[in-house]
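Below is one structure, written out as structure tokens, with a few remarks after it.
Quick note on labels: first sequence line is chain A, next is B, and so on, each numbered from 1.
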Protein chains: 2
Amino acid sequence: MRVTIADVARAAGVSKSTVSRVLNAKDEVDAGTAERVRAVIARLGYVPSSRAVELARGRGRTVGVLASSLSWPWTAEVVQGALDTVEAAGYGLLLFTRNHGPRSMARFAGQISAAAFDGLLVVGPQDALDPVAAALRPDLPVVLVDDRTDRPRFPSVTVANTLGGELAARHLLALGRRTPLVVTGPPHFGSVRGRLAGFLGALEAHGVEHDPRRTVEGDFTERSGEEAVEKLLADGITPDAVFAHNDLCAAGALRALRTAGLRVPGDVAVVGFDDIPLAAYTDPPLTTVRQPLRAMGEAAAALLLARVNGGPPPAGPVVLPAELVVRGSAPVPLTRTP
Amino acid sequence: MRVTIADVARAAGVSKSTVSRVLNAKDEVDAGTAERVRAVIARLGYVPSSRAVELARGRGRTVGVLASSLSWPWTAEVVQGALDTVEAAGYGLLLFTRNHGPRSMARFAGQISAAAFDGLLVVGPQDALDPVAAALRPDLPVVLVDDRTDRPRFPSVTVANTLGGELAARHLLALGRRTPLVVTGPPHFGSVRGRLAGFLGALEAHGVEHDPRRTVEGDFTERSGEEAVEKLLADGITPDAVFAHNDLCAAGALRALRTAGLRVPGDVAVVGFDDIPLAAYTDPPLTTVRQPLRAMGEAAAALLLARVNGGPPPAGPVVLPAELVVRGSAPVPLTRTP
DNA sequence: CTGAAAGCGCTTACAG
DNA sequence: CTGAAAGCGCTTACAG
């Protein structure tokens, strides 16, 4: 049925060893023989069985990707970037998500133990690995994208969160805003702490004092953005700006502000984080700190492949630049002649 | 290094055959023996090597998914649905995208021939398979999601496009609109023809004549939605509604209408198709025909798994219901007392 | 109910 | 430069 290496060997009048050598481009094969074998391979349309090759070699050409739901555009974009790099290297990408509870994680752990892949990319917080910690072989290369913990146990790729916070603050300061509301993500995320530190640091550098009541903890959901605004207003504080730690949350803030009768950006300027597609569609469109998601996925995959092939771990996290994308919710400041 | 079936056999004092039987839950094993073997397996933390199992069985537990870019939310959502089902069945999902030209497709063809997966899900048009047609073994089960061709060569899962077109038309008619602009997708897509036929059919059923100049061909991009509106206005025709064949295109139409100084929905009501996340964020939010993307991915994966396991092909395409989601761009009509 | 042997389709020392 | 043999880690008839 299937054409095997034995068929090729027979048809070419050589041994399986020789066919294998031709296949793997070993240089010790006679040019004429190699040519003949290649012709037979082409004629028979022979393709090696990946499973047999991997079993024999004891190593495969597959990387696993563990991600939160692809419904999150953030995730999908990073995975796409990783896939580009993985495919270009001739590797396969086995995809797993972790939104299906313990049964799903048990199966995933099984795949790890079964050596179904040769390296693992985790898109999201590293504690996603906790349920499968026992299965994690120490020799399995792991790379994290957007580690959200302080001291990641693995090499990681992340955006410059502190810089991102700074960019947001400086832009709002240039717009003359002095009393911003900051809606953070969960505070145990390293990225959240970075964004907050960068933002507050820039305020301080400008001599602007920040009332701690204007820092409200959110959870990256749209609803949490709404609630943060509602709560602050209920406390009798009206901010002149909002810096939300992601775009979804910023969209929620936008909604709550409008409901409260406040104009954006007139009364309140709003800056988000991520630049997911819908950021360009909110009303008004969202000024936001852009994460180079695709590039982050690519960089992480490249790092992982290097490790899979025996490369050394990088010295520290790979940090990609953040960039401010200016749209209507916090527009370009009017130039003032000093 | 790795714990193998031989290690388990030795430790349990049985043969590899017996261990294998226990592993595969064959009933011919003595209960006591089975128990003992299981204990050893647990103690040693043994997990079968997927590669070896698959090689020996001549069949694996992996399905391939060929999709356009995950950057398209449409795609990501369908893939997520498929992944849910695939994971639940204990299969792995090998992901491929087709935005990398011939080299990428050549590698993909190689994976097909190498039997790297046991079934293939194509998310998107079936002509995505043309470049790898030669590699497609006739015994490889293939399922299509959202076939966009008339007579798909494979089982497929699709939304009720004609119904969707009808829903859009009936809603606009209820709003009193009589001169809609239709911005289609590429006309060789079956889905496009379905949406158009449903829409025009409903108009006709209501005795509303449709000027063919008000049907403009787009290509599913935002820009094409803008252009369609611009072109029509330039021709001196002002529609009282727009039905765009996808949400991106509808967002473009929204933009062009606003630029032209037309109010939505006051002057022009707008209906899209898909209900991707940003549909809820446009200004005004988009009324649209919802595709059950997740469910489509799930259904397609279930179909594929059934086929992989020897099930018969379905009689015809699996058609999932479309649903109208009403938002600001084409709101609920005022009730009139007749 | 259980084991020995062959086989899945490759790769890789080891000889020559 | 090339081949025979062993091995990768399983499954599956075939005997018993």
Side-chain angles (χ1 to χ4, degrees), chain A residues 1-38 40-41 44-62 110-118 137 139, chain B residues 1-38 40-41 44-62 110-118 137 139:
Chain A
M1 172 82 220
R2 152 181 265 277
V3 181
T4 73
I5 198 173
D7 300 323
V8 174
R10 199 174 312 117
V14 297
S15 72
K16 293 193 297 174
S17 315
T18 296
V19 177
S20 176
R21 290 190 186 102
V22 172
L23 246 22
N24 297 289
K26 308 273 186 205
D27 32 326
E28 334 126 339
V29 188
D30 175 82
T33 316
E35 197 42 61
R36 196 152 36 95
V37 171
R38 265 192 285 271
V40 172
I41 288 176
L44 265 42
Y46 167 71
V47 180
S49 149
S50 51
R51 303 207 244 255
V53 172
E54 295 179 1
L55 179 59
R57 271 209 270 256
R59 241 197 66 195
R61 301 201 120 232
T62 308
Q111 298 267 17
I112 295 178
S113 313
F117 43 82
D118 308 280
R137 294 165 289 129
D139 58 315
Chain B
M1 170 84 222
R2 152 180 265 279
V3 181
T4 73
I5 197 172
D7 300 323
V8 175
R10 200 174 313 118
V14 298
S15 71
K16 294 193 296 175
S17 314
T18 296
V19 178
S20 176
R21 291 189 185 101
V22 172
L23 246 22
N24 297 289
K26 308 273 185 205
D27 32 325
E28 333 128 339
V29 187
D30 176 83
T33 317
E35 199 41 62
R36 196 152 35 93
V37 171
R38 267 192 285 272
V40 173
I41 288 178
L44 266 43
Y46 167 72
V47 180
S49 149
S50 53
R51 303 208 243 257
V53 173
E54 295 180 0
L55 179 59
R57 270 209 270 256
R59 241 196 69 194
R61 300 200 121 231
T62 309
Q111 298 266 19
I112 297 179
S113 313
F117 43 81
D118 308 281
R137 292 166 291 129
D139 57 314

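- Separation of atoms OG1 (A:Thr62) and CD (A:Gln111) is listed at 10.5 Å; rounding is to 0.5 Å.
- Between D:dC10, C:dT12, C:dC8, one nucleotide has an atom nearer to the side chain of B:Leu55 than all others, and that is C:dC8.
- Protein atom CG of A:Asp30 is 15 Å distant from nucleotide atom C1' of D:dG3, rounded to whole Å.
- Closest contact between the side chain of B:Thr33 and the listed nucleotides D:dC10, C:dT2, C:dT12 involves C:dT2.
- B:Ala12 is linked by a side chain to side chain contact (heavy atoms under 4.5 Å, CB included) to B:Val14, B:Val37, B:Val40, counting only residues two or more places apart in sequence or in another chain.
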Atom pairs and distances, donor-acceptor, side-chain atoms in residues 16-23 of chain A, under 3.5 Å, two or more places apart:
unit_1: A:Thr18; atom_1: OG1; unit_2: A:Ser15; atom_2: OG; d: 3.4
unit_1: A:Ser20; atom_1: OG; unit_2: A:Asn24; atom_2: ND2; d: 3.4

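- Atom CZ of A:Arg10 is separated from atom P of D:dG3 by 14 Å (rounded to the nearest Å).
- In this structure, the separation between CG on A:Asp118 and CG on A:Asp139 is 10.0 Å, given to the nearest 0.5 Å.
- Computed from coordinates, the A:Arg36 CZ to D:dT2 P distance equals 8 Å when rounded to whole Å.
- Side-chain N or O atoms of A:Arg2 include one that pairs as donor or acceptor with a backbone N or O of B:Ser113 at under 3.5 Å.
- Remark: C1' of D:dG3 and NZ of A:Lys26 are 16 Å apart, rounded to the nearest angstrom.
- Here A:Tyr46 contributes atom OH and A:Thr4 contributes atom OG1; the two are 7.0 Å apart, rounded to the nearest 0.5 Å.
- One can place CZ of A:Arg57 at 23 Å from P of D:dA6, the figure rounded to the nearest angstrom.
- Scanning for side chain to side chain contact (heavy atoms under 4.5 Å, CB included) contacts around B:Val53 gives B:Pro48, B:Arg57, with sequence neighbours left out.
- Heavy-atom distances under 4.0 Å link DNA chain D to B:Lys16, B:Ser17, B:Ser20, B:Arg21 of residues 13-23 of chain B, given in residue order.
- Rounded to an integer number of Å, the gap from A:Asn24 CG to C:dT12 P is 7 Å.
- Checked against side chain to side chain contact (heavy atoms under 4.5 Å, CB included), A:Ser50 has the following partners two or more places apart in sequence or in another chain: A:Glu54, B:Ala114, B:Ala116.
- Across every non-hydrogen atom of A:Leu44 and A:Ala11, the tightest pair is CD2-CB, 4.3 Å.
- The side chain of A:Ala56 has C:dG9 as its nearest neighbour among D:dC1, D:dC10, C:dG9.
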Under a cut-off of 3.5 Å for both distances of each Watson-Crick or G-U pair, what dot-bracket string does DNA chain D give, using [ ] for crossing pairs and | for inter-strand pairs? |||.||||||||.|||

